[in-house]
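Beneath this line is the structure, given in structure tokens, with notes to follow.
Labels below follow one simple rule: chain letters A, B, ... track the order of the sequence lines, proteins then strands, and each chain is numbered from 1.
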Protein chains: 2
Amino acid sequence: MTSPAVSSRALPHPERGEIRLEGVLHALSDPMRLRIVRELAAVGDELSCSHFDLPVTKSTTTHHFRVLRESGVIRQIYRGTAKMNGLRRDDLDDLFPGLLDSLLDAAARQAVRVGSG
Amino acid sequence: MTSPAVSSRALPHPERGEIRLEGVLHALSDPMRLRIVRELAAVGDELSCSHFDLPVTKSTTTHHFRVLRESGVIRQIYRGTAKMNGLRRDDLDDLFPGLLDSLLDAAARQAVRVGSG
DNA sequence: GACGTACTACGATGCCTATCGTACGAGTCG
DNA sequence: CGACTCGTACGATAGGCATCGTAGTACGTC
């Protein structure tokens with residue numbers, strides 16, 4: 001019942017200086033991944049992969065989380081059997097000030113406009 | 001020597017309301033297209049396709065401009081033999097306030113950081 | 001150890017796309 | 001008209017990618 005320790009399984013992340021704008025934009029240009037990021041931003045905390053109820057299989061979900069991690073948008077840590085996901089807000093805000101908030105705002109506006117969020 | 005009239009050849013553009021964030025992000029996630037948009041924004045005016053000296057063939061250049069147009073990022077008009085390209089700043093700013101400037105700022109920062117612009 | 005849960009790895013598939021080359025159309029200038 | 005420039009269309013190619021299914025690994029619990 002105590003919170004599980006961080007596993008030794010390591011996951012490769014790009015350094016802050018390795019994050020490329022093109023990669024971030026590509027990662028966010030997929031509706032499924034944009035949805036994940038919006039949810040992470042809304043909660044403002046780490047979420048497990050299984051928390052998300054996406055209309056794709058778990059294999060595909062794994063794929064999307066990997067794309068987000070490898071592009072530098074999220075940080076992933078194993079915690080027991082769960083894999084926690086958190087936005088790399090500090091890194092992104094440092095590299096691209098205001099961009100993440102603009103993107104989230106744009107996504108929110110579109111959701112209102114199109115009527116799905 | 002008089003400026004040529006707008007040709008009758010029409011080009012399909014998405015309406016403002018049809019522009020989707022995912023499409024815009026995807027369009028800008030390509031280095032060649034991001035470069036085109038940065039240049040258009042820097043000049044702040046319409047530019048002909050031939051103005052750009054991209055390291056790809058003309059066929060590929062045509063392809064990139066079409067992607068930018070169909071995603072709603074630029075507007076294209078034939079003017080004589082030239083095809084003028086202009087950012088759809090008004091539409092983008094209305095749909096996604098602040099996003100374009102954040103993206104351009106992010107691209108500029110990265111260019112300084114990586115050392116190519 | 002046995003079982004269940006959370007996530008992964010791998011292969012397959014079908015689609016999208018960045019690129020090229022060549023051949024062509026539209027417009028301007030002489 | 002003829003020559004030239006600008007850009008398009010089409011086909012080909014090679015690589016990327018979103019998706020799935022199945023089999024498997026890591027971890028916690030009993």
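For R89(A) and D101(A), the salt-bridge test passes: some basic side-chain N is under 4.0 Å from an acidic carboxylate O. Contact check on R35(B) versus D30(B) returns no salt bridge, with no Lys/Arg side-chain nitrogen under 4.0 Å from an Asp/Glu carboxylate oxygen. Salt bridge absent: R75(B) and E46(B) never bring a charged side-chain N and a carboxylate O closer than 4.0 Å.
Checking dT19(C), dG21(D), dA18(D) against the side-chain heavy atoms of T57(A) singles out dG21(D) as nearest. The side chain of T81(A) sits closest to dG28(D) out of dG7(D), dT28(C), dG28(D). In the set dC20(D), dT19(C), dA18(C), dT19(C) carries the atom at the smallest distance from any side-chain atom of M32(B). In this structure, the nucleotide among dC6(D), dG21(C), dA18(C) sitting nearest to the side chain of K58(B) is dC6(D). The side chain of Y78(B) sits closest to dG7(D) out of dT28(C), dT19(C), dG7(D). Taking only side-chain atoms of S59(B), from C-beta outward, the nucleotide of dG28(D), dC20(C), dA18(D) with the closest atom is dC20(C).
OP1 or OP2 of dA9(C) sits under 4.0 Å from a side-chain N or O of R66(A). In this model, the phosphate group of dC6(D) is not approached by any side-chain N or O of R79(B) to a distance below 4.0 Å at OP1 or OP2. Residue T60(A) has a polar side-chain atom (N or O) positioned under 4.0 Å from OP1 or OP2 of dC20(D). The side chain of S50(B) places an N or O atom within less than 4.0 Å of a non-bridging phosphate oxygen (OP1 or OP2) of dG7(D).
Rounded to whole Å, atom P of dA18(D) lies 16 Å from atom CZ of R35(A). Look at CD1 on I77(B): it is 15 Å from P on dG27(C), rounded to the nearest Å. Distance L11(A) CG to dA6(C) C1': 13 Å, rounded to the nearest Å. Put simply, NE2 on H63(B) is 13 Å from C1' on dG15(D), counting in whole angstrom units. Atom CZ in F52(B) sits roughly 15 Å away from atom P in dC6(D) (whole-Å rounding). Summarising the geometry, the separation between CG on L47(A) and P on dA6(C) is reported as 15 Å, rounded to the nearest angstrom. Spacing between atom NE2 of H64(B) and atom C1' of dG7(D) amounts to 15 Å, rounded to whole angstrom units. Counting to the nearest Å, the P atom of dA6(C) and the CG atom of L54(A) are 15 Å from each other.
Across all non-hydrogen atoms, the minimal contact from G72(B) to I19(B) is O-CD1, 3.7 Å. Across R20(A) and F96(A), no two heavy atoms sit closer than the pair C-CZ, 4.4 Å.
Formation of a donor-acceptor pair under 3.5 Å by the R33(B) side chain with backbone atoms of H64(B) is not found in this model.
L54(B) contributes atom CG, which lies 9.5 Å from atom OG1 of T60(B) (distance to the nearest 0.5 angstrom). Separation of atoms CG (L47(A)) and CZ (F52(A)) is listed at 4.5 Å; rounding is to 0.5 Å.
Residues of residues 21-31 of chain A that place a heavy atom closer than 4.0 Å to DNA chain D, in numerical order, are H26(A), D30(A).
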